[in-house]
Q: 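One structure, as structure tokens, below. Some questions next.
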Amino acid sequence: MLEQHFDFQAAERRIYADWENAGCFKPSGETSAQAYCIVIPPPNVTGVLHMGHALNHTLQDVLIRFERMRGKNVLWQPGTDHAGIATQMVVERELAKEGNLDRRTLGREAFLERVWKWKEYSGGAILDQDRRLGVSPDWSRERFTMDEGLSRAVTKVFVELYNQGLIYRDKKLVNWDPHFQTAISDLEVEAKEVDGAYWHLRYPLADGVTYEHPVKDEDGNDAMETRDYIVVATSRPETMLGDAAVAVHPDDERYKAIVGKHVVLPIVGRRVAVVADIYADPAKGSGAVKITPAHDFNDFQVGERHGLARLNILTAVAAIVGGEEARTCAIPAEYQGLDRYAAREKVVAAFEESGLLDRVEKRKIEQPFGDRSGVVIEPWLTDQWYVDAKTMAVPAMEAVRDGRTRFVPESYEKTYFQWMENIQPWCISRQLWWGHRIPVWYGADGSVFCAETEAEARLQAGPGVVLTRDEDVLDTWFSSALWPFSTLGWPEKTADMEMYYPNAVLVTAFDIIFFWVARMMMMGLHFTKEVPFRDVYIHALVLDEKGQKMSKSKGNAMDPLELVDEFGADALRFNMAAMAAQGRNVRLSKQRVEGYRNFATKLWNAARFCQMNECVLWEAGDVASGNVSQPINRWIMGEVARATAAVTKGIEDYRFNEAAAAIYRFTWNVFCDWYLELIKPLLNGEDEEAKAETRKVAAWTLDEILKLLHPFMPFVTEELWGKLAEFGPARGGFLMLAQWPTHDAEMIDAAADEEIGWVIDMISQVRGVRGDLNVPPGSKVPLVIAGADAVIWRRVDRYRDLIMRLARIESIGMAEQVPRGSVNAVMGEVTLALRLEGVIDIAAEVTRLGKEIGKLEGEIAGIEKKLGNPAFVEKAPPEIVEEQGQRRTEAELRLAKLTGARLRLSELDEG
RNA sequence: GGGCGGUUAGCUCAGUGGUAGAGCACUACGUUGACAUCGUAGGGGUCACAAGUUCGAACCUUGUACCGCCCACCA
């Protein structure tokens with residue numbers, strides 16, 4: 001006998017271990033079957049499971065379990081990402097805790113050893129957490145972006161791209177993170193609005209030059225002023241130490257006179273030219289802009305056009321330079337070594353002191369921050385390695401345009417195209433130690449040798465050349481970009497590559513389209529000549545209950561494992577699927593998760609009922625249409641067919657919410673609310689043949705539910721599958737490997753639908769009337785049916801017991817006329833009359849009828865209007881017109897009967 | 001500055017041309033032999049606004065308002 005509730009806490013780990021031990025997660029390897037492969041977006045090896053993973057992994061598992069049950073040869077490839085910066089940060093923090101060994105004093109080799117050790121013992125905890133969710137990747141194939149095979153793929157890709165000219169070294173401005181002291185890519189920079197200021201600085205003109213500058217006088221009239229200075233504005237005053245020019249627009253009349261003249265930069269005393277460049281926008285600020293080529297992306301371009309010096313003023317930690325560089329810029333000693341913000345204050349103070357601070361304008365400014373470090377990013381002039389993304393983007397766009405890869409929802413194609421069309425060179429070198437080291441060696445003369453191994457580099461270099469390897473490592477996303485094929489054994493021509501590539505679908509959130517999806521497309525197409533995946537399913541972002549993005553720093557992050565502990569993995573999973581409507585955010589609500597826990601309990605108890613009534617056995621032949629005679633059973637079989645089609649279609653279309661809603665509704669509102677109630681009289685009745693049939697069909701239906709629900713709620717369904725078998729013959733094997741149901745439309749029996757629909761409708765009508773009139777549920781009332789024909793009479797006869805039971809009826813009688821003093825409900829030709837003498841409040845009943853009559857009149861008026869419109873009758877499809885006609889007939893019939901009922905009541909009242 | 005999306009019941013959200021839906025919340029009643037993690041019934045919406053297309057619009061078009069998000073070289 002099943003217990004009263006599903007003890008998920010006891011069952012989940014046991015079931016999971018059983019699956020894993022039995023090898024259920026491994027691909028069938030069936031070469032005749034269609035292959036279906038998903039690679040998991042590899043979580044950071046430092047990561048802990050958060051709600052985003054819970055959603056992402058649940059949806060993948062739904063797909064995986066579904067396709068596995070459909071008999072495909074399914075591979076879900078798991079693994080983790082080495083996450084360069086994040087991991088290095090964790091280990092450096094650990095080092096700091098232990099003593100003050102920083103990585104530099106430790107040395108590269110020893111440090112890396114530490115990171116690997118950390119990875120072995122503490123890394124990848126997320127994968128164990130993942131098991132709690134019940135996900136079913138093939139753990140035996142777990143990969144790591146820095147394991148041997150994947151590292152070889154990375155090296156090979158680098159060398160090939162280098163040889164093809166698609167990877168190159170360039171000295172230009174990069175986004176420099178002064179905290180981590182590394183370059184980062186554009187995508188890792190986050191623009192944020194912060195409180196700041198524009199400092200309007202006066203640069204004195206050299207050589208005694210003056211010019212006339214338009215101003216407003218005290219009365220607000222236009223006037224001219226003779227100036228011996230030019231005003232520039234900046235949000236970063238300290239950069240003036242590296243200024244190389246002042247630019248004005250060539251057409252700007254205000255400054256025409258001084259183009260080609262010079263200013264003397266305060267503090268450093270350098271002469272720099274006033275140049276004409278279209279970059280200067282006359283409408284912004286004073287119209288004149290200071291040009292710092294080494295510290296601003298725009299200024300860099302201006303500098304290129306005018307041959308300006310690139311004067312670097314910052315060190316790797318964003319302090320003011322000293323030494324040779326300081327001399328070049330003529331930076332005074334008291335500025336050298338100052339942090340950028342201290343230098344800023346000092347620069348501003350110096351301007352103020354010398355009366356050259358025109359004004360300070362406090363305002364919000366946009367500033368770039370490192371997404372990991374949270375510090376302000378500096379554009380900094382360095383040598384870095386770049387991927388020619390512009391070239392590689394072309395085939396990647398083409399593949400989406402011609403449909404080889406499809407975005408779901410489709411609208412994300414636009415996001416993809418927009419970014420791809422404006423793609424910039426991808427900076428891939430990082431000044432870190434943890435990662436794939438760049439396979440490039442330099443000779444003493446600066447010659448470059450790019451090769452897969454040092455030995456090969458040596459061969460290229462020839463004897464006697466001393467080689468030094470590039471210090472830098474690659475952006476983490478460089479190796480992630482190869483994930484769909486590097487995990488399958490590429491560059492070897494493996495059987496796995498043959499079978500599982502391209503992947504069926506990539507499941508991810510939209511914030512990763514640029515970081516990852518776009519780059520996988522580029523790399524995949526370039527190296528395999530095939531798209532990496534057929535579909536890209538973009539799901540929502542998980543937000544908290546207030547609609548805020550969850551993050552550790554905000555403190556609003558909910559721990560998925562806490563919810564699993566409280567409500568079970570099934571409840572959380574079902575919640576995720578039910579909320580996964582396309583193109584939306586999902587707000588996580590604990591209450592809703594609780595609701596799905598209740599759903600699991602409901603199912604459990606339905607199974608308990610089946611078991612108590614010996615509804616556990618069935619064989620294939622038992623549910624063949626010809627062997628089932630009871631309309632109730634024929635009806636539920638049709639409902640199963642419909643639910644199966646809906647769930648299947650929902651998952652196929654990535655409409656997880658629709659699939660979840662379909663199985664939820666069928667289980668609770670059809671199977672539990674109606675079918676199980678309707679079969680109770682049969683199960684308790686005398687007709688042994690009907691009873692036997694019903695037991696089998698009920699058992700079968702329950703099994704079908706377990707299968708359809710399994711991808712969403714694997715634990716409770718697997719547990720019931722196993723438990724129910726204990727009461728019948730063992731069915732052998734796990735539910736998760738059972739076959740996904742398919743039913744043809746023939747299973748739907750229109751006559752049974754009609755008949756059972758009528759019974760349900762009738763019971764609902766009686767219940768409705770009782771509820772409206774506040775008839776106590778305990779009191780049974782006599783029912784008289786007026787106007788019934790033979791068909792109705794036979795139905796009533798057949799279902800007499802259950803109508804009486806479910807509608808709380810004492811007796812059912814038949815009559816020609818609606819009895820006086822009864823309360824009426826109308827069902828087509830028939831009037832249901834409840835004999836409620838003494839119980840009913842006539843006034844209340846008149847009100848109730850009035851309300852319904854009012855509703856009907858409104859409905860009829862609406863239909864009349866439509867049908868009275870010749871354009872409607874002429875142009876609308878005939879079936880729609882006919883449907884409206886039918887609706888009118890039905891409504892009118894109903895109206896007449898209800899009006900009659902009201903009339904009789906008022907007569908009774910008067911009498 | 002460019003782009004994308006949202007506005008539907010008290011709340012959170014489904015619903016893409018033909019009778020407005022779900023879950024939760026709310027109200028009333030209820031220990032009916034599976035289930036109170038439950039049952040039965042009920043209340044509650046001019047689908048942001050305006051104009052258009054259409055026989056017909058929550059749904060298509062255009063505009064307006066408000067709210068988000070993403071991208072962008074930070075005078």
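Protein chains get the first letters and strands the later ones, always in sequence-line order, with residue 1 at the start of each. For the numbers below, each heavy atom of this structure counts, side chains included, while hydrogens, waters and symmetry mates do not.
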Q: Once you apply a heavy-atom cut-off of 4.0 Å, does K364(A) come out as touching a base, just sugar-phosphate, or nothing?
A: nothing
Q: Report which part of the nucleic acid S235(A) touches: base, sugar-phosphate, or nothing (heavy-atom distance under 4.0 Å, all strands).
A: sugar-phosphate
Q: For W419(A), run the ring pair (Phe, Tyr, Trp, His ring centres under 6.0 Å) check against W426(A), F510(A), F514(A), Y412(A) and tell me which one passes.
A: F514(A)
Q: Determine which nucleotide pairs with C49(B), using a 3.5 Å limit on both distances of a Watson-Crick or G-U wobble pair.
A: G63(B)
Q: Roughly, in whole Å, what's the span from CG in N575(A) to P in C24(B)?
A: 12 Å
Q: When you get a sec, tell me which of C55(B), U37(B), U12(B) is the closest nucleotide to the side chain of N598(A)?
A: U37(B)
Q: Base, sugar-phosphate, or nothing for R887(A), non-hydrogen atoms under 4.0 angstrom?
A: base
Q: In whole Å, I'd like the distance from the CD1 atom of I809(A) to the P atom of U40(B).
A: 16 Å
Q: In Watson-Crick or G-U wobble terms, both distances under 3.5 Å, what is the partner of A9(B)?
A: none
Q: Using atom P of each nucleotide, how far apart are G18(B) and A25(B) to the nearest Å?
A: 32 Å
Q: Calculate, to the nearest 0.5 Å, the distance between atoms CH2 and CG belonging to W674(A) and N669(A) respectively.
A: 11.0 Å
Q: Pick base, sugar-phosphate or nothing for V289(A), based on heavy-atom distances below 4.0 Å to the nucleic acid.
A: base
Q: In terms of side-chain heavy atoms of Y664(A), which of U19(B), A14(B), G23(B) is nearest?
A: G23(B)
Q: Return the nearest nucleotide to the side chain of D296(A); candidates are C55(B), U40(B), C74(B).
A: C74(B)
Q: Nearest whole Å is fine: how far is C35(B) P from N669(A) CG?
A: 19 Å
Q: Answer with base, sugar-phosphate or nothing: what part of the nucleic acid does W668(A) contact at a heavy-atom distance below 4.0 Å?
A: sugar-phosphate
Q: Between the base of U37(B) and the side chain of R597(A), is there a donor-acceptor distance below 3.5 Å?
A: yes
Q: Classify H200(A) by what it touches in the nucleic acid, base, sugar-phosphate, or nothing, heavy-atom distance under 4.0 Å.
A: nothing
Q: Pick base, sugar-phosphate or nothing for Y596(A), based on heavy-atom distances below 4.0 Å to the nucleic acid.
A: nothing
Q: For G56(B), what is the paired nucleotide under Watson-Crick or G-U wobble rules, both distances under 3.5 Å?
A: none
Q: Are any of the side-chain nitrogens in R887(A) or E859(A) under 4.0 Å away from the carboxylate oxygens of its partner?
A: yes
Q: Taking the six-membered ring for Trp, are W668(A) and Y664(A) parallel (under 30°), tilted (30 to 60°) or perpendicular (over 60°)?
A: tilted
Q: Could one point to a donor on the side chain of K602(A) or the base of C35(B) with an acceptor on the other under 3.5 Å away?
A: yes
Q: Give A280(A) one of three labels, base, sugar-phosphate or nothing, depending on what nucleic acid heavy atoms sit under 4.0 Å from its own.
A: base
Q: Name the closest nucleotide to the P368(A) side chain, picking from C74(B), A25(B), U37(B).
A: C74(B)
Q: Is any side-chain N or O of K590(A) closer than 4.0 Å to OP1 or OP2 of C24(B)?
A: no
Q: Taking the nucleotide of RNA chain B with the closest heavy atom to each, which residue, E677(A) or V189(A), is nearer the 5' end?
A: E677(A)
Q: Of the listed nucleotides (G15(B), A34(B), C74(B)), which one gets closest to any side-chain atom of Q367(A)?
A: C74(B)
Q: When you get a sec, tell me which of C74(B), C55(B), C4(B) is the closest nucleotide to the side chain of P379(A)?
A: C74(B)
Q: Which whole-number value in Å describes the distance from Y675(A) OH to A34(B) P?
A: 15 Å
Q: Assign C610(A) to base, sugar-phosphate, or nothing according to its heavy-atom contacts below 4.0 angstrom with the strands shown.
A: nothing
Q: Counting the atoms with a prime plus P, OP1 and OP2 as sugar-phosphate, which does Q884(A) contact under 4.0 Å by heavy atoms, base, sugar-phosphate, or nothing?
A: nothing
Q: For atom P, what is the distance between U64(B) and C26(B), given to the nearest Å?
A: 42 Å
Q: Write down the partner of A36(B) under the Watson-Crick or G-U wobble criteria, each distance required to be under 3.5 Å.
A: none
Q: With a non-hydrogen cut-off below 4.0 angstrom, is P870(A) in contact with a base, only sugar-phosphate, or nothing?
A: nothing
Q: Picking from A34(B), C70(B), C55(B), which would you name as closest to the side chain of N869(A)?
A: C55(B)
Q: Can you tell me how far CD1 of I760(A) sits from CD of E677(A), rounded to the nearest 0.5 angstrom?
A: 11.5 Å
Q: Output the single nucleotide from C35(B), A25(B), G15(B) whose closest atom is nearest the side chain of N605(A).
A: C35(B)
Q: Does the structure show a Watson-Crick or G-U wobble partner for U19(B), both distances under 3.5 Å? Name it, or say none.
A: none
Q: Check the distance between U40(B)'s C1' and I763(A)'s CD1 and give it to me in whole angstrom.
A: 12 Å
Q: Are the side chains of R340(A) and V376(A) in contact, using a 4.5 Å heavy-atom criterion?
A: yes
Q: Do T889(A) and E892(A) have a side chain donor and acceptor closer than 3.5 Å?
A: no
Q: Between atom CD in E193(A) and atom P in A72(B), what is the gap in whole Å?
A: 16 Å
Q: Hey, does the side chain of R587(A) come within less than 4.0 Å of C13(B)'s phosphate (OP1/OP2), counting only N and O?
A: yes
Q: Could you check how far CG of L806(A) sits from P of A41(B), rounded to whole Å?
A: 11 Å
Q: Describe the nucleic acid contact of D299(A) in one word from base, sugar-phosphate, nothing, applying a heavy-atom distance below 4.0 Å.
A: nothing
Q: Is it true that a side-chain atom of D243(A) and a backbone atom of K290(A) form a donor plus acceptor pair closer than 3.5 Å?
A: no
Q: Quick check for you: among C55(B), C74(B), A34(B), whose closest atom lies nearest to any side-chain atom of R236(A)?
A: C74(B)
Q: May I have the distance from K866(A) (atom NZ) to A57(B) (atom P), rounded to whole angstrom?
A: 9 Å
Q: In the strands shown, is C4(B) matched to any nucleotide by a Watson-Crick or G-U wobble pair with both distances under 3.5 Å, and which?
A: G68(B)
Q: Using the P atom in both, what is the distance from A36(B) to A9(B), to the nearest Å?
A: 34 Å
Q: Provide the distance between the two P atoms, one in G23(B) and one in A41(B), to the nearest whole Å.
A: 13 Å
Q: Between W674(A) and S286(A), just flag the one whose closest nucleotide in RNA chain B comes earlier from the 5' side.
A: W674(A)
Q: Between A58(B) and U46(B), how far apart are the two P atoms, rounded to whole Å?
A: 13 Å
Q: Counting side-chain heavy atoms from C-beta on, which of C55(B), U37(B), A36(B) comes nearest to A876(A)?
A: C55(B)
Q: Once you round to the nearest 0.5 Å, how far does OH of Y203(A) lie from CG of D358(A)?
A: 12.5 Å
